[in-house]
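Let me begin by presenting the structure, written as C-alpha cells, before commenting on it.
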Number of protein chains: 2
Amino acid sequence: MAETARHPESRYGNRPTMKDVAARAGVGLKTVSRVVNSEPGVTPDTERRVQEAIEALGFRRNDSARVLRKGRTASIGLVLEDLADPFYGPLSRAVEEVARAHGALLINGSSAEDPDREQELVLALCARRVDGLIVIPAGDDHRYLEPEIKAGIATVFVDRPAGRVEADMVLSDSFGGAREGVAHLVAHGHRRIGFIGDQPRIHTAKERLRGYHEALTDAGITVEDSWVSLGSTDPARVRAAAETMLTGPDPVTALFAGNNRVTVTVVRVLAECDRRIALVGFDDIELADLLGITVISQDAAAVGRTAAEHLFRRLDGADHAPARVELPTRLIPRGSGELPPA
Amino acid sequence: MAETARHPESRYGNRPTMKDVAARAGVGLKTVSRVVNSEPGVTPDTERRVQEAIEALGFRRNDSARVLRKGRTASIGLVLEDLADPFYGPLSRAVEEVARAHGALLINGSSAEDPDREQELVLALCARRVDGLIVIPAGDDHRYLEPEIKAGIATVFVDRPAGRVEADMVLSDSFGGAREGVAHLVAHGHRRIGFIGDQPRIHTAKERLRGYHEALTDAGITVEDSWVSLGSTDPARVRAAAETMLTGPDPVTALFAGNNRVTVTVVRVLAECDRRIALVGFDDIELADLLGITVISQDAAAVGRTAAEHLFRRLDGADHAPARVELPTRLIPRGSGELPPA
DNA sequence: TAGGCCCTGGACAACGTTGTCAACTGAATG
DNA sequence: CATTCAGTTGACAACGTTGTCCAGGGCCTA
C-alpha cells in the first residue's frame, strides 16, 4: 500500500521532519533542533549520528515553522514599479546586497504603476510577515499601511514620498536636478525649451516639472503651454509630443526629458531630425556617453543602498522620528546639452 | 504596567490573531477563519461582525502559519546572476508576471556568478519551502538539489544547463546564434575575426565560442590563438583584450562580442579607434539601434516566461520526463556587422 | 407534533519548529 | 560515601492557522 501523504494537498511531497531525523538517529526531537541550529550542549558523537541521519534523509529545516515559532522571517519585501526598467535593476540589486549582509532574503514584486496592485502586493508581503518593507509608491494614499506600521513593520518609501502616512523616505532631488538641467540649457543660450514628462500624479514627474518651471522663471522666461507635455511614457505618445514641439511655427530649440524612458524615445526622434536640437535627460542611460547625451544622473544603487540601510537600522531598534533623505543628482555634460540653439 | 510581548524577540510587535478577532467579535476561532478565507457557511450578520473586528484591530492573516498548515507557500524562488544586468531585468519581470497570474509571489536573489552563493541561496529558498525554483546556474554541479527534486520541488534551469541533475531547462541557442553572427561577418568579407567572451566555465560562453569556431571552420578559416580572449567581463580586461587584437602586426578586422557587457566595452574601444572595425555582439542592448550595432538578440522576456510556464505546469502536476527547450536567437543587422574589412 | 435535515458555529487536533524546564548522567567535592 | 554540580538530553507546550467533526437550532415534512 502506498504511504499516505501528510498533506493531502501538498505539492512538495513529504519532506522529512526533525521528528523523522530524531527517530532515525535514535535521539530526541530537541536534540536534532540543537544540531541543526548549532546550539551548544550536544556531544560530538550524538551530533555525528544526527548529521548522518540528516544527510541520509535529505532533511532541510522548514523555515515556515521556524518563522511561526520565532516571530521573525529574516526577509524583507521590495515593491517597485517595473523590474525591467533599467533604473530599478541596480536599485534592487543594492537592496539585495544590504539584505544579504543582514542575513535576510528579498521578496519582490512590481506594481506596474498601479496603486491597487501596489496595495495588493504590499499586503501580501505583510501577510508573509516580512520584517520590513521598501516601497516605491505607485499610489498616493498609504493609510492602508497604518496597522502594519503600528505593528512595527519597518517601512521605507523610496523615490517618491509616502501618502498620508508617517514613514522614512529616501528620494532623489528631482526638483533640484531638473532645475539644474534646464538652467544648463538656458546657460547655453536656449530660451524655448520643451519638457516631456511622466504622468503628473507621479511625484517625481511633478517635482521635475516644478524644477523646469523654476529654472525658466529664474531666467525671466515665461513658459508656454505648448512647451510642456505630460502623460504616459509610451514611445508613441512621447514621439508625438516631441514631434509637435519640434515642428510648428515657433519650435523649441531644446528638450528636457523627464526620465530615462522618455529620453530614449526623444533621442530616437532627434536622430531623425535634421536640425541639431539640444537635449538633457533625467536619469543616466547605458551608452549615453557614446551617444553624447547630457543627463541628470541619479545613483540608483545609492538610493537602494541608503533605503535598505535605513530599514535595517529600524529593524535593529532605531526609533527616531521618520527621516526624509534626499540624495543629490549630478549633471553629466556629454554634448547634447551643450549644443547652441539651432 | 506594559503589556508583555508574545514573542520576546519578535521585531514585528504583537499583531492581532484570529483568536483576538474572534474574542472581539464574540464568535469562535474557526468562524473568523471562514470569513477571512471567504468560505461558505457564515450568516451575513456574523460575517459583518467579524469584518468589523478585523477592521478595528487591523488584523492580517499570518501566512507563515497558514503555509505551515497547508503545505504550500504560493511562492517561487528565482536565483539569477545579477539583477542589475539589463538582460535579467526583463527576464525576472516576465517570471514575475507568470507567477502573479498563478497567485504566487517571487522571492529572488543574485548569485553574483558564485557557485557557493548560488547553493546557499537555493537552499535558503528551499527552507522557505518555495513551491518551485527557477535557477540560472552559476555552478556546474547541482547534486545538492537531489533531495529537493525528489521531494517534489519543481525546478527549472534557465540560460545554462543544470549540472549532474535531471531537470527542465530553458536555454537560448548560444551556439547557433554565435555561429550565425560570425558567419555574417565572414559573409561580409572578414577572414580575421576576434572573439571576446566570458569565462569558459560558463556554459553559454563555451557554446558561443564553439559557434565561433564552427563558423570559421565552415568557411575554411583556421582560428589563431591570438584572436580569442576569454575571461571576466570586467571592462578593463575586455578593453585590454580588444586593444591587443586591434594592434599588433596582423590585426583582426572584425570582432564578435560574447555578451552584452563585453559589447558595451568593445563599442567604447571602437569609438576611439580610427579604423572601422566590424562588430557583432551577442545580446541586444538598449539604444544599440541608434549606435548601429549589429547584434544576436535573445528574447530575455520569452526565456523567463517560458521557464515560468514550465514551472507552473510542473506544479500543476505535469510529470513527463525533464524537457530541454532551446529558444532561437535572431540576428539584427544595424550597420556595425556589415562593415567590410578595413 | 415528532422526525429528519440543513445551516451555522465552535472545540479540538495538527502542521514542524523552538523555548522552557526537568531528568538524568558521571564526575568532582566535602 | 553522600552531595553537588556541570553537562546532556528529552518531554512538553506554544506559535497562528486550517481541517475534521460534532452540537445545537431552526425549518420543513409526514
Side-chain angles (χ1 to χ4, degrees), chain A residues 4-23 25-50 53-54 57 59-74 126-129 151, chain B residues 4-23 25-50 53-54 57 59-74 126-129 151:
Chain A
T4 50
R6 280 203 190 85
H7 299 271
E9 301 180 15
S10 166
R11 301 290 170 75
Y12 55 74
N14 290 339
R15 304 219 49 162
T17 71
M18 285 191 178
K19 205 162 133 189
D20 301 324
V21 175
V27 301
L29 181 54
K30 180 65 203 196
T31 300
V32 177
S33 172
R34 273 192 270 263
V35 171
V36 169
N37 295 294
S38 313
E39 285 171 23
V42 181
T43 41
D45 183 58
T46 310
E47 168 155 8
R48 192 186 41 72
R49 285 215 316 288
V50 172
I54 288 177
L57 296 173
F59 166 82
R60 314 273 194 224
R61 179 178 65 198
N62 183 331
D63 273 1
S64 292
R66 174 169 226 252
V67 157
L68 177 60
R69 189 62 238 259
K70 303 202 70 137
R72 301 205 68 201
T73 57
C126 290
R128 295 301 172 95
R129 294 294 188 269
Chain B
T4 50
R6 280 203 190 85
H7 299 272
E9 300 180 17
S10 166
R11 302 289 169 76
Y12 56 75
N14 289 339
R15 305 223 45 167
T17 70
M18 285 192 178
K19 205 163 136 191
D20 301 324
V21 174
V27 302
L29 181 54
K30 180 65 204 195
T31 301
V32 177
S33 172
R34 274 192 270 262
V35 171
V36 169
N37 295 294
S38 312
E39 286 170 22
V42 182
T43 40
D45 183 58
T46 309
E47 168 156 9
R48 192 186 39 73
R49 286 215 317 286
V50 172
I54 288 176
L57 296 174
F59 166 83
R60 313 273 194 226
R61 179 179 65 198
N62 183 332
D63 273 1
S64 292
R66 174 169 225 253
V67 157
L68 177 60
R69 189 62 235 259
K70 303 201 71 136
R72 301 203 69 201
T73 57
C126 291
R128 295 301 173 95
R129 294 295 189 267

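Each chain gets a letter, A, B and so on, in the order its sequence line appears, and its residues count up from 1. Computed from a predicted model, the values in this text were never measured in an experiment.
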Heavy-atom pair with the smallest gap, counting every atom of B:Pro16 and B:Leu57
CG-O, 3.3 Å
Whole-Å gap separating P (C:dT18) and CG (A:Leu68):
11 Å
A:Lys19 versus A:Leu29, closest heavy-atom pair with distance
N-CD1, 3.6 Å
Indicate, with a heavy-atom threshold strictly under 4.0 Å, whether B:Thr43 touches base, sugar-phosphate, or nothing.
sugar-phosphate
What does the inter-axis angle of the helix from C:dT1-D:dA30 to C:dG30-D:dC1 come out as, five pairs per end, nearest 10 degrees?
50°
Whole angstrom value for the distance that separates C1' of D:dC15 from CG of B:Asp20:
13 Å
Quick one: is A:Lys19 getting a side-chain N or O under 4.0 Å of the C:dT17 phosphate, OP1 or OP2?
no
Report all interatomic pairs (protein N or O, nucleotide N or O of nucleotides 10-13 of chain C) with separations under 3.5 Å.
{"residue": "C:dG10", "atom": "OP1", "partner": "B:Gly28", "partner atom": "N", "Å": "3.1"}
{"residue": "C:dG10", "atom": "OP2", "partner": "B:Gly28", "partner atom": "N", "Å": "2.4"}
{"residue": "C:dG10", "atom": "OP2", "partner": "B:Thr31", "partner atom": "OG1", "Å": "2.7"}
{"residue": "C:dG10", "atom": "O5'", "partner": "B:Gly28", "partner atom": "N", "Å": "3.4"}
{"residue": "C:dG10", "atom": "N7", "partner": "B:Arg34", "partner atom": "NH2", "Å": "2.8"}
{"residue": "C:dG10", "atom": "O6", "partner": "B:Arg34", "partner atom": "NH2", "Å": "3.4"}

Could you state the CD1-P distance from A:Ile54 to C:dG16, rounded to the nearest angstrom?
16 Å
Please find the pair of heavy atoms, one from A:Thr17 and one from A:Phe59, that lie closest to each other, and give the distance.
C-CE1, 3.6 Å
Go through C:dT18, C:dG16, D:dT17 for me and flag the one nearest to the A:Arg61 side chain.
C:dT18
Specify the separation, in whole Å, of atom CG of B:Asp63 and atom C1' of D:dT17.
10 Å
Whole-Å distance separating the CZ atom of B:Arg48 from the P atom of C:dG9
12 Å
How would you label the contact of B:Asn37 with the nucleic acid (heavy atoms, under 4.0 Å): base, sugar-phosphate, or nothing?
sugar-phosphate
Heavy-atom closest contact (A:Ala65 atom, B:Leu68 atom, distance)
CB-CD1, 3.7 Å
If you look at every strand shown and take non-hydrogen atoms under 4.0 Å, does A:Val42 touch a base, only sugar-phosphate, or nothing?
sugar-phosphate
Contacts of type salt bridge (charged side-chain N to carboxylate O under 4.0 Å, His left out), residue B:Arg66, not counting sequence neighbours:
none
Between B:Ser33 and D:dT18, is there a contact of a side-chain N or O with OP1 or OP2 at under 4.0 Å?
yes
Spacing of B:Met18 atom CE relative to D:dC15 atom P, expressed in whole Å:
15 Å
Can you tell me the distance, in whole Å, between the CG atom of B:Asp45 and the P atom of D:dG26?
15 Å
I'd like to check the salt bridge (charged side-chain N to carboxylate O under 4.0 Å, His left out) partners of A:Arg61; sequence neighbours left out, ordered by chain and number.
A:Asp63
Restricting to non-hydrogen atoms, name the atom on B:Arg60 and the atom on A:Arg129 that form the minimum distance, rounded to 0.1 Å.
O-NH2, 2.8 Å
Tell me every residue that passes salt bridge (charged side-chain N to carboxylate O under 4.0 Å, His left out) with B:Arg49, counting only those two or more places apart in sequence or in another chain.
B:Asp45
Any idea which heavy atoms bring A:Ser64 and B:Thr73 closest together, and the distance?
OG-CG2, 4.5 Å
Euclidean distance, atom CG of residue B:Asn62 to atom P of C:dC15 [Å, nearest integer]:
18 Å
